[in-house]
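Each remark here refers to the structure printed beneath this line.
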Amino acid sequence: MKRILRLCLIGIFMALPTWLMAVETKNLLSELTQTKLSKMPAVLEQLEAQGDESLLPVFRAWLGGDLYYTRADSHLVVKTKVAGETVYMGVFSQEVDAELGSKQVRKIKVNNKLRGLLRGTIARLQLTSKQPELRESAVRELLADLDRDTFTTLEALYPQETHSSVQEMMQTALSLYTAKDPKQSQSARLAAIDYLSASLENDVRNGLVQLSQDGNAVIAAASNKALDRINQSVERYAFVDQLFFGLSLGSVLLLASIGLAITFGVMGVINMAHGEMIMLGAYTTYVVQLIMPNYIDYSIWVAIPAAFLVSGLMGVLIERLVICRLHGRPLETLLATFGISLILQQLVRTIFSPLNRQVSTPSWMSGSWEINPVLSLTLNRLYILAFALLVFIALVLILKKSSLGLNVRAVSQNRSMAKAMGVKTEWVDAMTFGLGSGIAGIAGVALSQLTNVGPNLGQAYIIDSFMVVVFGGVGNLLGALVAAFTLGIANKFLEPTTGAVLAAIFVLVFIILFIQKRPKGLFPQKGRAAE
Amino acid sequence: MISMKKVSQLYGGTQILWDLDLDIVPGSITCIMGRNGVGKTTLMKAIMGLLPIKSGEILLNQQALHKQSAERRAYAGIGYVPQGRDIFPMLTVEENLRIGLPVQKKKAIPEKVFELFPVLKEMLHRRGGDLSGGQQQQLAIGRALVLEPKVLILDEPNEGIQPNIVKQIGDVILKLNEEEGLTVILIEQKLGFARRVGKEFRLMEKGRIVAADKMENLNDDLIKQYLAV
Amino acid sequence: ADTIKVGVLHSLSGTMAISETTLKDTVLMMVEEQNKKGGLLGKKLEAVVVDPASNWPLFAEKARELLTEEEVDVIFGCWTSVSRKSVLPVIEELNGLMFYPVQYEGEESSKNVFYTGAAPNQQAIPAVNYLKDELEVERWVLAGTDYVYPRTTNKILEAYLKDMGVAEEDIMINYTPFGHSDWQSIVSDIKKFGSAGKKTAVVSTINGDANVPFYKELGNQGISSEDIPVVAFSVGEEELSGLDTAPLVGHLAAWNYFQSVETDENEEFITQWQAFTGNPDRVTNDPMEATFIGFNMWANAVTEAGTTDVDAVEQAMIGQETPNLTGGTAVMNKNHHLSKPVLIGEIQDDGQFETVWETDGVVPGDAWSDFLPGSKDLIADWTDPLKCGNYNTETKMCSGQNY
Amino acid sequence: MSKLLHWFSAGRTSGKYTLPFVILLLGITLLASAANLLLPESSALHVSTYSITLLGKYLCYAMLALAVDIIWGYCGILSLGHGAFFALGGYAMGMYLMRQIGDRGVYGHPTLPDFMVFLDWQELPWFWLGMDQFWFAMIMAVLVPGLLAFVFGWLAFRSRVTGVYLSIMTQALTYALLLAFFRNEMGFGGNNGLTDFKEILGFDLQSDATRVSLFIITALLLALVLLVSQRILSSRLGKVTLAVRDAEARTRFIGYRTERYKVWLFVYSAVIAGVAGALYVPQVGIINPGEFSPINSIEIVIWVAVGGRGTLIGAIIGALLVNYAKTRFTAIMPDGWLFALGALFVLVTLFLPKGLIGLYGQLKSKRQTLSTQEASS
Amino acid sequence: MNAIDQSLQSLRDTFRRDLVWPFLAPEHAAKVDVSNQMILYVEGLNLSFDGFKALNDLNLYVKDGELRCLIGANGAGKTTLMDVITGKSKPDSGSVFFGQTHNLLSKDEADIAQLGIGRKFQKPTVFEEQSVFDNLELSLKTDKRVIQTLFSRLSPSEIDRIDEVLKIIGLNDQRFMKAGALSHGQKQWLEIGMLLVSDPRLLLIDEPVAGMTAQETERTAELLTSLAGERTVIVVEHDMEFVRSIARTVTVLHQGSVLAEGTMDQIQNNKDVIEVYLGEEAVEA
Ligand SMILES: Nc1ncnc2c1ncn2[C@@H]1O[C@H](COP(=O)(O)OP(=O)(O)OP(=O)(O)O)[C@@H](O)[C@H]1O
Ligand SMILES: Nc1ncnc2c1ncn2[C@@H]1O[C@H](COP(=O)(O)OP(=O)(O)OP(=O)(O)O)[C@@H](O)[C@H]1O
Ligand SMILES: [Mg+2]
Ligand SMILES: [Mg+2]
């Protein structure tokens with residue numbers, strides 16, 4: 001999205017001929033290449049005073065840390081990527097200079113302070129931009145420190161504005177200024193405050209907080225009332241936020257445990273190597289990204305099946321080599337799979353080094369969906385939540401609709417009788433274990449978007465996974481679903497009051513006590529045989 | 001049909017079957033009898049492939065069976081109703097019956113099963129493990145019939161079955177045998193039932209077949225010698 | 001013995017392997033280099049590597065093994081404080097010599113240990129000063145993993161900030177467990193805390209693996225470095241190599257060393273390291289520099305003392321100077337801590353730091369913090385006549401020594 | 001008393017290897033101790049202090065493995081949280097040792113341990129009171145694990161939590177404790193735990209004599225626990241235990257209140273674990289929350305499985321062997337020892353289903369079949 | 001009036017410590033009160049599983065010392081009834097009294113067993129990992145509290161008793177064999193043996209002769225008849241020959257309630273019973 005915007009803008013300004021630029025501006029720009037970081041703010045201020053929209057590309061590139069100058073003749077270039085290759089092009093000319101490599105250019109430095117200033121500058125310059133979104137964000141940017149000048153500018157722009165959301169934002173800014181301005185009449189200020197009480201903007205709230213200390217008691221009271229109203233809706237949104245956090249944590253738990261719900265829940269293998277299957281999936285994502293560095297955005301779609309295959313095949317291998325010899329000795333599987341998990345950990349440590357590997361988030365998954373100023377949902381978690389549910393449904397379908405599901409349960413209940421009924425138990429075992437492991441691998445793809453990809457990744461999830469499966473009731477997929485979300489939500493609602501550590505402890509204690517009430521989990525298996 | 005030659009079998013260190021020879025006449029109902037613990041169940045499991053044999057060979061229609069895995073034997077046409085029924089307890093009745101469908105490449109449970117055991121139709125959606133003993137027994141036989149076997153092994157099928165159903169089971173066995181030519185191997189302790197249903201008998205003692213003949217020839221001497229305590 | 005044995009006590013498996021393996025390799029590289037130069041005192045150096053497997057009691061056991069079974073002359077090792085604490089009694093009992101290369105909470109000075117990482121006053125205090133002076137930060141989030149280093153550092157910082165007039169409600173302190181991976185609520189809390197209209201910064205003492213999900217969450221919730229900068233004391237180049245740093249550009253770290261510092265020594269060190277590991281993309285980091293300095297100082301001290309005898313080397317160590325990799329000279333002080341420069345860097349999108357601020361000279365490491373009531377009066381001085389790791393200047397007492 | 005002795009001696013017939021094993025254990029202990037104290041360091045037969053502490057540590061682990069085997073091997077309760085009891089015992093001892101430091105800590109505070117001083121604690125929390133008394137601390141080392149086991153067991157067994165549910169609950173228990181003890185606010189030293197001990201009962205912890213004494217005491221206690229456990233398990237209670245393991249419901253139907261049996265056995269086992277922990281701490285010199293880690297508890301189970309579940313000696317041998325392997329492997333192949341250990345676990349499960357002790361049985365039966373074959377041919 | 005009485009009574013009850021604190025009541029309560037000659041009162045039992053009525057308003061009274069045969073179609077609820085009596089299942093409603101005083105519904109399995117109700121399961125369940133001898137030892141009638149069990153030893157008379165039972169059940173040669181290695185029929189015998197050594201007042205025997213040869217069946221019949229009188233025996237069996245050989249009173253269950261009760265002859269000629277249970281053939285024979 002951002003990139004598209006940027007491209008459009010560049011398009012707009014491409015037409016602007018360089019020679020139109022004032023000499024003064026040119027001098028200032030060349031000063032950029034020589035000034036020390038600490039003196040930069042002054043230069044920037046001058047530039048803004050000089051400049052107009054034509055300088056926006058410079059500022060933007062600067063803000064993004066992509067502004068360079070050539071060592072040879074100190075002219076400004078922008079670093080961009082074209083088809084995955086890093087290239088440099090002229091700021092105004094927009095022409096790629098193929099000669100330039102990283103050795104021939106130097107970066108124009110930027111630090112946090114400058115970035116802050118640059119943002120303000122860009123915002124002010126953008127007030128007249130053609131894009132309504134840009135105008136809106138420009139106004140929002142200005143909310144924090146409104147002064148007389150901005151006020152008059154906005155006032156002048158307001159009547160011409162056609163776009164409603166920009167209008168609203170402008171109105172908010174104007175009201176905020178009016179409310180704060182002691183020179184305005186009290187009624188105007190009160191009207192402004194009333195208008196503000198519907199806004200969720202952060203800066204509005206801060207402004208109102210200031211106003212609530214106002215010397216004018218009427219204004220203070222009105223501000224307080226407005227604040228109350230705002231806070232109420234903020235609280236409502238905070239609740240939604242928390243719920244989302246809980247669901248999101250739940251979806252992670254679900255993904256992590258759902259494979260185990262098969263290998264452990266259905267097959268009865270106490271699979272201590274489950275975490276390592278997740279880890280393998282995460283590493284597969286890494287390798288896929290290594291192979292296709294220029295297509296990170298699509299890499300996920302390759303990584304999901306690849307991770308399923310890698311972890312699944314590893315699962316089949318483990319089953320064929322080890323687990324199949326341990327039928328009827330479920331406890332021993334604990335020992336063997338623990339050994340396997342040690343081996344797998346050390347294996348990736350040897351192959352990939354003990355360091356964490358870098359997995360990038362595709363651009364369509366990064367950032368967040370801003371619903372309003374106080375509620376935004378992070379995209380990656382949103383996708384993962386949806387993905388977890390999807391995987392869950394797919395799995396339920398496989399187990400319910402295909403003969404594999406039936407066979408697997410038969411085999412786990414009475415192996416020799418299943419054989420006598422013509423069930424190919426070996427094949428069923430291998431497939432099921434492969435399926436469970438493969439799903440774990442898929443979970444690894446999702447987790448690689450959230451957390452470390454390192455040799456200890458699996459260890460971090462194994463205990464939670466077992467907890468979820470058991471809490472839900474062994475052998476019950478729906479149980480795992482409910483358990484995962486219950487634990488996730490409980491955790492996230494406790495956390496603000498107790499802190500992360502105590503929340504985790506409380507949840508554990510809750511599980512322990514809950515199991516006393518329902519010794520077979522949330523959804524116990526019923527019937528005579530279960531006793 | 002099935003013939004066993006010098007089959008020996010061990011549990012750990014103790015030998016249960018001793019160079020056992022057995023011939024099952026095709027299309028007949030053979031009753032295997034003997035005291036508790038002589039190895040009848042062991043013998044059946046060996047035929048089904050659920051226990052490895054130490055030596056000897058088992059042939060089905062002259063084909064070596066003993067080298068095949070148990071599931072292959074199900075495909076080869078052996079149906080097994082084990083002692084103690086071994087229903088899949090957490091599967092529904094329907095699922096219990098469906099397990100065997102792929103063997104005959106079928107999609108639906110043959111109606112015949114429900115004709116023979118109407119109870120199963122009523123209980124279709126209940127867990128197999130919840131059924132009463134007798135119902136489970138019917139389910140176990142029904143389940144084996146789904147395989148449409150050529151040889152049906154029944155290990156004490158009447159244990160714990162109400163009298164009218166015992167009779168019914170007997171009728172079913174006879175009917176299957178007569179109408180479809182199913183070969184039946186039946187382990188039975190109750191003489192009455194054995195006499196009614198069986199056409200051949202084999203007496204076992206200490207892991208060997210010690211007497212084999214037509215059912216008519218099962219006399220009191222034999223009974224006293226091999227079945228009395 | 002015909003070789004001089006160098007013990008390497010870093011976890012190669014378990015949770016800490018991710019950080020410590022690098023240091024093991026660094027020591028091996030230094031040993032190899034030294035041997036190329038002809039060893040020490042005419043003998044070759046021999047590295048003895050063991051794996052304490054991130055298991056703290058095992059650290060003590062392995063230390064004892066190194067000292068009594070392998071009879072090593074020096075140990076380079078430990079990362080976490082708890083591992084050091086576990087090893088300490090053993091080293092003191094057997095009069096061994098250990099170099100500890102990681103930034104830590106201070107409050108310790110042992111006769112047998114040299115601390116070449118940063119003390120809180122060499123990292124935390126300058127970082128806070130930078131934020132306050134350069135970025136005009138008024139509201140502070142002190143976020144850390146719940147263990148001794150963050151606790152102590154945050155105690156020190158809290159006292160320091162309050163001294164400077166920061167109000168109680170402008171400080172938010174948050175602790176999370178090790179390996180914490182779900183940062184949604186905390187990051188959102190930070191966001192809320194930072195939206196009060198005052199410039200807010202996060203001082204992070206979040207440890208190890210927990211950093212990656214933390215930064216990922218920061219990026220996703222759209223907290224940029226201009227809004228709420230995060231300055232970290234445990235995030236170096238190595239940690240960043242596991243992260244896509246594009247959304248994190250501008251967040252800060254305070255160290256005594258950055259790989260990006262352009263000096264000849266550093267360039268040489270980086271080339272050497274990349275050649276040694278056979279990986280042209282391998283990064284270097286601050287604890288590696290600390291290991292480098294410690295090793296060189298030890299080699300010099302041994303040469304100077306003419307023996308590897310611990311007592312002699314210990315005395316020879318004090319006052320040792322060796323060039324550090326950022327262009328200055330590191331000096332070993334009487335309290336067994338180093339004088340080093342402090343650098344503050346911003347994360348770049350290539351996973352490196354760009355130095356944005358730097359102390360004028362070197363800062364001597366403080367064994368005992370001046371900002372904690374319990375240790376205000378304590379000093380460490382291992383030269384005659386004091387020879388004490390925690391001398392109380394008030395009561396004129398030296399307590400808690402085991403040697 | 002005499003009745004007790006009588007009861008004790010009556011059980012000697014069962015577990016025929018126990019007594020020889022105890023004699024062997026004590027013999028080795030005494031020889032090693034003597035070799036450490038009496039022989040000069042230059043002697044080839046000298047046993048280093050390093051080995052003594054190592055052996056002492058192994059014996060503590062062995063005792064812990066024994067505790068797990070009693071409830072897992074004999075009673076079928078797979079506890080994945082026994083490390084918790086061990087650690088609690090350890091903490092009790094650690095607190096005592098901490099208080100023994102007195103004003104010799106780095107800050108010279110008369111009562112507060114160092115970590116409390118620098119975290120600004122003003123006074124000793126109530127649960128640290130009395131821990132300066134050895135007897136009190138030792139009672140706590142037994143009581144706290146015992147009590148926790150009692151409460152947990154009473155709740156769980158009464159509501160008939162069994163199988164994996166129980167296992168995972170024990171895991172949750174130790175995990176919760178792990179998190180709790182990590183918290184610095186708890187007053188147990190947080191992640192760093194308790195360390196820097198100086199003396200026990202006035203004896204310098206760093207002297208060889210103290211070390212050897214601790215080692216001998218550990219061996220003696222292990223022997224005692226082994227004998228008592230063996231005796232208990234060979235009594236009728238042992239048979240009930242096995243019955244509970246194999247068919248708990250059936251056992252109830254013949255009139256045994258199985259939950260009580262389980263609770264008491266669980267408590268007994270937890271107490272042993274606590275004692276092992278208390279012995280462990282002065283020998284390794286540190287106790288920290290890492291001991292509560294679920295992975296640690298799983299490892300204990302694995303020692304038992306490697307040695308041979310359901311035989312007490314097997315559990316001991318398993319613990320000794322796995323830990324010895326770990327010590328050796330981490331030194332010989334620091335980069336690859338996990339491969340070796342992992343492979344060991346896999347191979348043992350595959351080829352020694354009854355553990356190492358089972359190997360003995362396998363060999364014996366093989367020899368028997370060989371000899372019978374010979375006899376018959 | 002009634003209400004006042006009731007509340008007074010409950011007030012009085014609160015002063016009885018053993019009612020308020022159940023654990024204060026003596027563990028081995030007084031003997032089974034059979035002054036009315038009845039030992040078992042089952043009244044109005046209802047029990048359903050997921051909507052399926054396994055027991056449906058079932059009433060059953062058993063005299064002290066009686067040998068009662070319980071027959072009924074598969075699934076009629078015989079085993080379920082035993083489950084309720086022995087505390088394995090809790091009914092939805094109804095009452096079960098052992099003697100006049102012991103309310104079995106308020107007790108758990110172990111209590112009920114200690115009161116002297118022994119049971120043989122339909123599917124033989126024995127302690128597979130332990131020897132036949134140990135199986136019997138565990139079932140002995142002794143003090144079964146933890147400490148007592150720890151210090152208990154087999155007395156010579158107990159050993160004699162076990163030996164005797166071993167002979168009765170014909171497992172003398174297998175006495176040191178693991179119970180798990182027994183054949184199906186042998187396990188049946190072992191379970192009967194476990195019942196015998198525990199010396200119960202009331203025996204609930206679920207299908208004892210399943211899988212036994214005719215001769216064994218005869219022996220079992222003899223055994224059970226000899227037990228009756230001193231003890232009360234309830235036998236469930238489908239083998240009509242066997243039932244005929246032992247039965248005095250027969251109760252027929254059908255769909256969770258009693259269909260008929262009476263002597264064997266009456267039952268055999270009962271139309272309903274013939275229809276749902278016996279089948280035509282049985283009448284012929
Ligand atoms: N798993 C086992 N391990 C060792 N021995 C066994 C095992 N299963 C059965 N046996 C022994 O093998 C012998 C034969 O058992 P099998 O079950 O075949 O007898 P059966 O003739 O079917 O008896 P029943 O009529 O009681 O069913 C028995 O003596 C039994 O003790
Ligand atoms: N736990 C349970 N869950 C669901 N249904 C059950 C359960 N226990 C028993 N039932 C049902 O209750 C009915 C009565 O079963 P019960 O075992 O008592 O019959 P029975 O009279 O003993 O039969 P049989 O002679 O075949 O053993 C059966 O239909 C059975 O399916
Ligand atoms: Mg049989
Ligand atoms: Mg029944």
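Below, chains carry the letters A, B, ... as their sequence lines are ordered, and counting in each starts from 1. This structure is a prediction, so every number in the text was calculated from the model and none was measured.
In this structure, chain D has a heavy atom under 4.5 Å from the side chain of A:Phe264, while its backbone stays farther away. Contact of D:Trp72 with chain A is made through the side chain alone, with heavy-atom distances under 4.5 Å. Within the 4.5 angstrom heavy-atom criterion, no atom of D:Ala249 approaches chain A. Proximity to chain D (any heavy atom under 4.5 Å) is shown, for A:Thr333, by neither the backbone nor the side chain. Only the side chain of D:Arg309 comes within less than 4.5 Å of a heavy atom in chain A; its backbone stays farther off. In this structure, chain D has a heavy atom under 4.5 Å from the side chain of A:Leu326, while its backbone stays farther away. The contact between D:Arg160 and chain A is made entirely by backbone atoms, counting heavy-atom distances below 4.5 Å. For chain D, no part of A:Leu344 is nearby; none of its heavy atoms comes within less than 4.5 Å. The part of D:Leu78 that comes within reach of chain A is its side chain, from C-beta onward, which places non-hydrogen atoms under 4.5 angstrom from that chain. The part of D:Glu299 that comes within reach of chain A is its side chain, from C-beta onward, which places non-hydrogen atoms under 4.5 angstrom from that chain.
A donor-acceptor distance shorter than 3.5 angstrom exists from the side chain of D:Thr174 to the backbone of D:Phe292, with no hydrogens or angles considered. In this structure, the side chain of A:Arg349 does not engage the main chain of A:Pro455 through any donor-acceptor pair within 3.5 Å. Remark: the backbone N or O of A:Val269 is not paired with any side-chain donor or acceptor of A:Thr263 at under 3.5 angstrom. A distance-only check finds no donor-acceptor pair linking the side chain of D:Arg245 to the backbone of D:Thr241 [under 3.5 Å]. The backbone N or O of D:Ala247 lies less than 3.5 Å from a partner atom in the side chain of D:Thr251, making a donor-acceptor pair. Side-chain N or O atoms of D:Tyr58 include none that pairs as donor or acceptor with a backbone N or O of D:Leu320 at under 3.5 Å.
Heavy atoms of other residues, nucleotides or ligands lying less than 6.0 angstrom from OH of D:Tyr324 number 12 at most.
Of the listed residues A:Leu502, A:Ile270, A:Thr350, the one with more heavy-atom pairs under 4.5 angstrom with chain D than any other is A:Leu502. Annotation: maximal heavy-atom pairing with chain D below 4.5 Å, among A:Gln345, A:Met467, A:Gln459, occurs at A:Met467. With chain A as partner, the option from D:Val306, D:Ile302, D:Leu341 having the largest number of non-hydrogen pairs under 4.5 angstrom is D:Ile302. Of the listed residues (D:Trp337, D:Tyr165, D:Phe152, D:Tyr175), the greatest number of heavy-atom pairs within a distance under 4.5 Å of chain A belongs to D:Tyr165. When each of D:Ile298, D:Val301, D:Leu166, D:Leu178 is scored by its heavy-atom pairs under 4.5 Å with chain A, the top score falls to D:Ile298.
Side-chain contact between D:His82 and D:Phe85 is present, with at least one heavy-atom pair separated by less than 4.5 Å. Side-chain contact check for A:Leu447 versus A:Leu255: every heavy-atom pair is 4.5 Å or farther apart.
Look at A:Arg415 and A:Glu426 and you find no salt bridge, because none of the NZ, NE, NH1 or NH2 atoms lies under 4.0 Å from a carboxylate O.
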